[in-house]
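Structure first, commentary second.
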Amino acid sequence: MADDSRAANPAKSRSRGIRATGRRRKGPTRRRRVLTITICALVSCVLLGGAGLGYVYFKLNGNLTGVDINAALGKDRPKDNDDGSMDILVMGSDSRAGANGSYGTDEGNARSDTAMIVHIFKGHKKASVVSIPRDTLVQRPDCTTKNGKNVPGQRRAMFNTAFEVGGPACAVKTVESMSGIRMDHFVEVDFTGFKKLIDALGGVDITTTKAIHDKKSHLDLEPGKHTLNGENALGLVRTRHGVPGGDGSDLGRIQLQQTFIKALMNQVKNIGLLSNPTKLYGIADTATKAITTDTDLNSVNALMGLAKEMGGIGSDSIDMVTLPVTYDKKDPSRVLPLDKQSRQVWDALRQDQDIPKDAIKDSAGDKGGTAGYVK
């Protein structure tokens, strides 16, 4: 059950800065499978490295959309461990509504192909990011839709179906059930918003060490330096089959995405937004239209405070891993969490410690074969 001590100790809430509540841990088709971890990355990038955006947010409140996760989940959540660290569930939506219709037709509700848990350490000088593969089989808990309909839990459910059947609240509940860690915040962005943000930034610079040619993601990159626009960036994060030495899996694709995240962060740090108010406003306007947050972040002051607190974290201060998994013997197209190693990861985050290297050394996610092809 959740710890309600925050209500009895308002000073504790104030000490957390932006968090007014004091809350702390307190089968799409292949065409549709646009892995959105890099969309997640862009939002994380804004949060982790975009302190300069804060001063224009006061103009942009009307762009923001919020979901009341606290009200939806109630008190049956992991304990509030208010130690100064922070955990944010960052997800991407692949809805085909509106501008996303050019990527196909919805077969149901929107899904989140992958997700990242961004753990900000006490002192806010470094972070760990844990990627959860979309095809991870989990015990999905009972959830309630925004319309009040009960969705029974399910064993061996694909992780990304939690978002599909129950929206953000169900995704948060599933992550908290898996990890035992209370999520402080939730951020969602769709991939059309991601494309616009990349274009607003002026593209992202990467270097490929070998050619990448993937007809499925429409990506053709020769070895060398490239500035990727939004469309090409989507192609990179979608590619599975075009990377030499890769195993064609989503796990290998995550390695590419994690490399792209750091390139993206460096781009935000180095483009001099404060000296270009017009570009700064355009990026902020695009970002606030693209994201959905929990209601504790759904305000100018909250986003501005978070950006300021996270502004000191650079890409070299972020440890990125994939949840330790193994291929499912019953269905090799799915993966299962490695119990012992996964507990090591979650325990480390819960205790605000670095993730031990031996937690991921035997994971299928550490053997995708694409590391080093993009930098």
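As a basis for the values below, the full set of heavy atoms in this structure was taken, side chains included, without hydrogen atoms, waters or symmetry mates.
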Exam field: side chain Thr136 to backbone Pro133, donor-acceptor pair closer than 3.5 Å: yes

Non-hydrogen atoms of Leu197 and Ala290 that approach each other most closely: CD1-CB, 4.2 Å

Nearest-0.5 Å distance that lies between atom NE2 in His226 and atom OG1 in Thr207: 7.5 Å

Nearest heavy atoms of Thr174 and Pro141, plus distance in Å: OG1-CD, 3.4 Å

Arg334 side, atom CZ; Thr326 side, atom OG1 - distance, nearest 0.5 Å: 15.0 Å

Salt-bridge contact Asp354-Lys126 (side-chain N to carboxylate O under 4.0 Å): yes

Carboxylate-amine/guanidinium contact Lys289 Asp285, below 4.0 Å: yes

ILVMFWY network linking Ile318 to Val118, side-chain heavy atoms under 4.5 angstrom: yes

Heavy-atom closest pair, residues Asn150 and Cys143: OD1-O, 3.3 Å

Sidechain-backbone polar pair: Thr295 side chain, Asn298 backbone, donor-acceptor under 3.5 Å: no

Distance (rounded to the nearest 0.5 Å) between Leu264 CG and Gln257 CD: 12.5 Å

Flag side-chain contact, heavy atom, 4.5 Å: Leu323 against Trp346: yes

Any donor-acceptor pair under 3.5 Å from Asp214 side chain to Leu219 backbone: no

For the student: nearest non-hydrogen atoms of Ile69 and Phe186, plus distance: CG1-CB, 4.4 Å

Separation between CD of Glu231 and CG of Leu228, rounded to the nearest 0.5 Å: 11.5 Å

Shortest non-hydrogen contact from Gly193 toward Thr286: O-CG2, 4.5 Å

Residue pair Phe163 / Pro168, side-chain heavy-atom distance below 4.5 Å: yes

Pairing of Asp76 and Lys173 as salt bridge, 4.0 angstrom limit: no

Same apolar cluster (I L V M F W Y, side chains within < 4.5 Å links), Met265/Phe121: no

Side-chain heavy-atom pair Met320, Ile261 within 4.5 angstrom cut-off: yes

Salt-bridge contact Lys357-Asp319 (side-chain N to carboxylate O under 4.0 Å): yes

Linked, directly or transitively: Leu349 and Ile132 (ILVMFWY side chains, under 4.5 Å): yes

Straight-line distance of Phe159 CZ to Asp135 CG, nearest 0.5 Å: 11.5 Å

Separation between CD1 of Ile181 and CD1 of Ile117, rounded to the nearest 0.5 Å: 6.0 Å

Check: His124 side chain, Gly84 main-chain N or O, donor-acceptor pair, under 3.5 Å: yes

Check: Lys122 main-chain N/O paired with Asp352 side-chain donor or acceptor under 3.5 Å: yes

Backbone N/O of Val325 and side chain of Ser363: donor-acceptor pair under 3.5 Å: yes

Glu176 side chain to Met183 backbone, donor-acceptor under 3.5 Å: yes

Contact summary for Ala302 and Asp296, nearest pair of heavy atoms: CB-O, 3.2 Å

Val321 with Leu338, same ILVMFWY side-chain cluster at under 4.5 Å: no

Backbone N/O of Lys149 and side chain of Thr145: donor-acceptor pair under 3.5 Å: yes

Salt-bridge criterion met for Arg350 and Asp347 (N-O under 4.0 Å): yes

Side chain Asp142, main chain Gly153, donor-acceptor under 3.5 Å: yes

